Participant: 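This structure is in structure tokens; I'll ask about it shortly.
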Amino acid sequence: KILEKSIYNGETEKKFTGAIIGEKGIYAGKVYPLIDKKEIFFRMDNEQILSNPYEDKDNLAGIYFIGKYNEYCVEPYKKNFVFLESGQPLGKDRRYFLPRGTGLYLKDKNNEFTLA
């Protein structure tokens, strides 16, 4: 079991619920722990995929973990930006509920992630 100790919106000592693990790209080998129902967003900046903790009109996708169901919600905001590892695109402006262990990539296979 992993315990994240940090101050997040005034809360301390949160239990691990979920995480996004970078497999390729600038996030390779990095883990972004998620707090239940707190969304992390992704956007492009100079052809680079960047994470963003804030809602913004330039965000291209959002991902959050739902502890009650032990699954992730992925929300693509742009067509052909989020893909399952099989290459299947996830449609714009829809919500996809995915289990732990699901692989996906953003924009192209150089930006691969696993939902842990």
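Computed from a prediction, not measured in an experiment: that's the story for all the values here.
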Participant: Kindly indicate, with the supporting measurements, whether the criterion side-chain contact (heavy atoms from CB on, under 4.5 Å) is fulfilled by Ile63 and Leu115.
Facilitator: CA-CA 10 Å; Ile63 300 174; Leu115 305 176; 4.2 Å; yes

Participant: Of all the heavy-atom pairs spanning Leu34 and Lys38, show the shortest one and how long it is.
Facilitator: CD2-O, 4.4 Å

Participant: Scan Phe113, Phe83, Phe81 and name whichever one has a side chain to side chain contact (heavy atoms under 4.5 Å, CB included) with Tyr105.
Facilitator: Phe83

Participant: Side chain of Tyr96, backbone of Gly91: donor and acceptor closer than 3.5 Å?
Facilitator: yes

Participant: Which atom names give the shortest non-hydrogen contact between Thr114 and Glu23, and what distance separates them?
Facilitator: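 Smallest interatomic distance, heavy atoms only, reads OG1-OE2, 2.8 Å.
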
Participant: Any chance you could measure Asn52, atom CG, to Asn59, atom CG, to the nearest 0.5 Å?
Facilitator: 5.0 Å

Participant: Taking C-beta and beyond as the side chain, do Val74 and Leu90 meet within less than 4.5 Å on heavy atoms?
Facilitator: yes

Participant: Got a second to check how far Thr102's OG1 is from Glu71's CD, nearest 0.5 Å?
Facilitator: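 Going from OG1 on Thr102 over to CD on Glu71, the span is 9.5 Å.
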
Participant: Under the side-chain contact (heavy atoms from CB on, under 4.5 Å) criterion, do Tyr77 and Lys92 qualify, and how do the steps go?
Facilitator: CA-CA 5 Å; Tyr77 306 133; Lys92 175 185 172 191; 5.7 Å; no

Participant: Measure the CG-NZ distance between Leu106 and Lys78 for me, rounded to the nearest 0.5 Å.
Facilitator: 11.5 Å

Participant: Any chance you could measure Cys73, atom SG, to Lys37, atom NZ, to the nearest 0.5 Å?
Facilitator: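 Answer for the SG-NZ pair, Cys73 versus Lys37, is 11.5 Å.
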
Participant: Can you tell me how the ring of Tyr27 sits relative to the ring of Phe42, calling it parallel under 30°, perpendicular over 60° and tilted otherwise?
Facilitator: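 Perpendicular: the ring planes of Tyr27 and Phe42 meet at over 60°.
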
Participant: About how many Å separate CE of Met44 and CG of Leu50, when rounded to the nearest 0.5 Å?
Facilitator: 8.0 Å

Participant: Nearest 0.5 Å please: distance from the OG atom of Ser51 over to the OH atom of Tyr32.
Facilitator: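 The OG atom of Ser51 sits 6.0 Å away from the OH atom of Tyr32.
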
Participant: Can you list every pair that meets salt bridge (Lys or Arg N to Asp or Glu O under 4.0 Å) and has a residue in residues 104-116, with sequence neighbours left out?
Facilitator: Lys24-Glu112, Glu47-Lys107

Participant: If I compare all heavy atoms of Pro33 with all of Ala19, which pair ends up nearest, and what's the gap?
Facilitator: CA-CB, 4.0 Å

Participant: Any non-hydrogen side-chain atom of Val82 less than 4.5 Å from a side-chain atom of Pro89?
Facilitator: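 No, every pair of side-chain atoms sits at 4.5 Å or beyond.
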
Participant: Does the side chain of Glu75 come within less than 4.5 Å of Arg95's, by heavy atoms?
Facilitator: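 They are in side-chain contact.
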
Participant: Measure the shortest side-chain to side-chain distance between Leu104 and Leu98 over non-hydrogen atoms and say whether it is less than 4.5 angstrom.
Facilitator: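 Side chain of Leu104 against side chain of Leu98, heavy atoms only: contact under 4.5 Å found.
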
Participant: Do the non-hydrogen side-chain atoms of Phe65 and Arg100 ever get within less than 4.5 Å of each other?
Facilitator: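 Result yes, sub-4.5 Å side-chain heavy-atom pair found.
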
Participant: Kindly check if the number of other-residue, nucleotide or ligand heavy atoms within 6.0 Å of OH (Tyr54) is above 12?
Facilitator: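 At most 12 heavy atoms, drawn from other residues, nucleotides or ligands, come within 6.0 Å of this atom.
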
